[in-house]
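Okay, so here's the structure we're looking at.
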Number of protein chains: 2
Amino acid sequence: MVQLKQFQCDALLRAAEAACVENGARLTHRRRQVLSALMQSPNPLSAYEVLDSCNRSAATSMPAMSVYRILDFLEQQSLVHRLASSNKYVSCSHIACDHKHFQKTHFLLCEACSSVEEVDATEEANQALDHMASAAGFKLTSQQFELSGICTTCQNNAG
Amino acid sequence: MVQLKQFQCDALLRAAEAACVENGARLTHRRRQVLSALMQSPNPLSAYEVLDSCNRSAATSMPAMSVYRILDFLEQQSLVHRLASSNKYVSCSHIACDHKHFQKTHFLLCEACSSVEEVDATEEANQALDHMASAAGFKLTSQQFELSGICTTCQNNAG
DNA sequence: TCGTGAACGATACATTATATCATTTATAGC
DNA sequence: GCTATAAATGATATAATGTATCGTTCACGA
Ligand SMILES: [Zn+2]
Ligand SMILES: [Zn+2]
Ligand SMILES: [Zn+2]
Ligand SMILES: [Zn+2]
């Protein structure tokens, strides 16, 4: 996950706008600012990091309230995802494609560079975890996992 | 996970004290208060919930700082575990037994009653998740998963 | 008994999140 | 275009959570 070039970001924003319209919602200026901040960040951002990013790259300053409201909105639209383990946000990596989050989605977090990879659950993993849970009498409901590890790039840099 | 009777709690506290001594640490009065609060709670508690619990059940009021310090200490001693997804704490379910957390430990969280079950990772789950991560080039490091679901009791109550 | 470091108390402060209400903006119907 | 309506935002206050710092007390060993 590398910082997006501007023309890529624009294309994603157009796709995001289309997705909103399809849901009867609007991608306003403020929402676009927040989404853009997350798209351009190589790492997940906390609400206040989003706020700072927006305020650095714009003339008018955004109230903190708006960031919280807008992050909620964007999450409902599946344009961003919230990482519970760090309470930070990442932009969805499937905004431009037709991916609809039908599968469970998991996140791989690099401990070295803080990059995030959004991956679909495998059937193998679903079964193994269901199995592990049912051994304790639990019936798993939908959820996303946030798995820590080392990404390809950082493995190569270290080796 | 049900609220512990007092004599069970006392036995656990004795075991916890022994574990501390083995590590060259001490289970002081304040630490005992915090650990006891977590043991007696059927659900995970946030730092301030621990604080409230301690202050309800004791004459002298505990400063918030102490709770944070002590939770860190207890976590290092593996007497309590921190749940990253909710930023709350639970007492370890293996204080009395000889369980040493050699295996990865995962947590099953009931969405209905908020109870928590601490379970060992299965080899099957480890492999499935390693496999899923390596498909994206990630090498997983140690971690704990916090899986949402419905516990046995709540399944029966619903059915 | 005294020195030492760990644990704790106390205070201030920083960060993060929510509640509330006024104002502005977009939209649809006329 | 004009107006009613709801959505979105601005503005302010406040709550909740977490950290930094320093002085004091306490346990323990020399
Ligand atoms: Zn996504
Ligand atoms: Zn990396
Ligand atoms: Zn444990
Ligand atoms: Zn339950």
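Atom set for the values below is all heavy atoms of this structure, side chains included, hydrogens, waters and symmetry mates excluded. So you know, we letter chains A, B, ... as the sequences are listed, proteins then strands, and number each from 1.
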Legend entry - Closest non-hydrogen atom pair between A:Leu12 and A:Met39, with its separation: CB-CE, 3.4 Å

Inset, instruction - Please state how far atom CD1 in A:Ile70 lies from atom P in D:dG10, giving the value in whole angstrom units. - result: 8 Å

Legend entry - Whole angstrom value for the distance that separates C1' of D:dA16 from CE of B:Met65: 17 Å

Inset, instruction - Measure from CG on A:Asp52 to C1' on C:dT16 and round the result to the nearest Å. - result: 12 Å

Inset, instruction - Let me know which of B:Ser85, B:Ser115, B:Ser114 forms a side-chain contact (heavy atoms from CB on, under 4.5 Å) with B:Leu109. - result: B:Ser85

Legend entry - Interatomic distance, A:Arg26 CZ vs D:dT5 C1' [rounded to whole Å]: 13 Å

Legend entry - Proximity to the side chain of B:Tyr68 - top-ranked nucleotide from D:dT17, C:dA7, D:dT21: D:dT17

Inset, instruction - Among the candidates D:dG18, C:dG9, C:dA6, find the nucleotide nearest to the side-chain atoms of B:Ser66. - result: C:dG9

Inset, instruction - Quick one: label A:Arg31 by what it contacts on the DNA or RNA (base, sugar-phosphate, nothing), any heavy atom closer than 4.0 Å. - result: sugar-phosphate

Inset, instruction - Return the value, rounded to whole Å, for the distance between atom CD of B:Gln77 and atom P of C:dA7. - result: 9 Å

Legend entry - Separation of atom CE in B:Met62 from atom P in C:dG9, rounded to whole Å: 8 Å

Legend entry - Donor-acceptor side-chain pairing of B:His81 and B:Glu146 below 3.5 angstrom: no

Inset, instruction - Using the side chain to side chain contact (heavy atoms under 4.5 Å, CB included) rule, take B:Ile70 and B:Val50 through it: C-alpha gap first, then chi angles, then the decisive distance, then the call. - result: CA-CA 11 Å; B:Ile70 291 173; B:Val50 169; over 6 Å; no

Inset, instruction - Anything under 30° is parallel, anything over 60° is perpendicular, the rest tilted; go ahead and classify B:His106 against B:Phe145. - result: parallel

Legend entry - Rounded interatomic separation in angstrom, taking CG from A:Leu27 and C1' from C:dA26: 14 Å

Legend entry - Closest-nucleotide 5' rank along DNA chain C - winner of B:Thr28 and A:Asn87: B:Thr28

Inset, instruction - Please determine, for the side chain of A:Arg30, which listed nucleotide (C:dG9, D:dT9, D:dT17) has the closest atom? - result: D:dT9

Legend entry - For atom NE2 of B:His29 and atom C1' of C:dC8, their distance in whole Å: 12 Å

Inset, instruction - Would you indicate what A:Arg69 reaches in the nucleic acid, counting non-hydrogen atoms under 4.0 angstrom: base, sugar-phosphate, or nothing? - result: base

Inset, instruction - By nearest nucleotide on DNA chain D, pick out whichever of B:Ala47 and A:Thr60 is the more 5' one. - result: A:Thr60

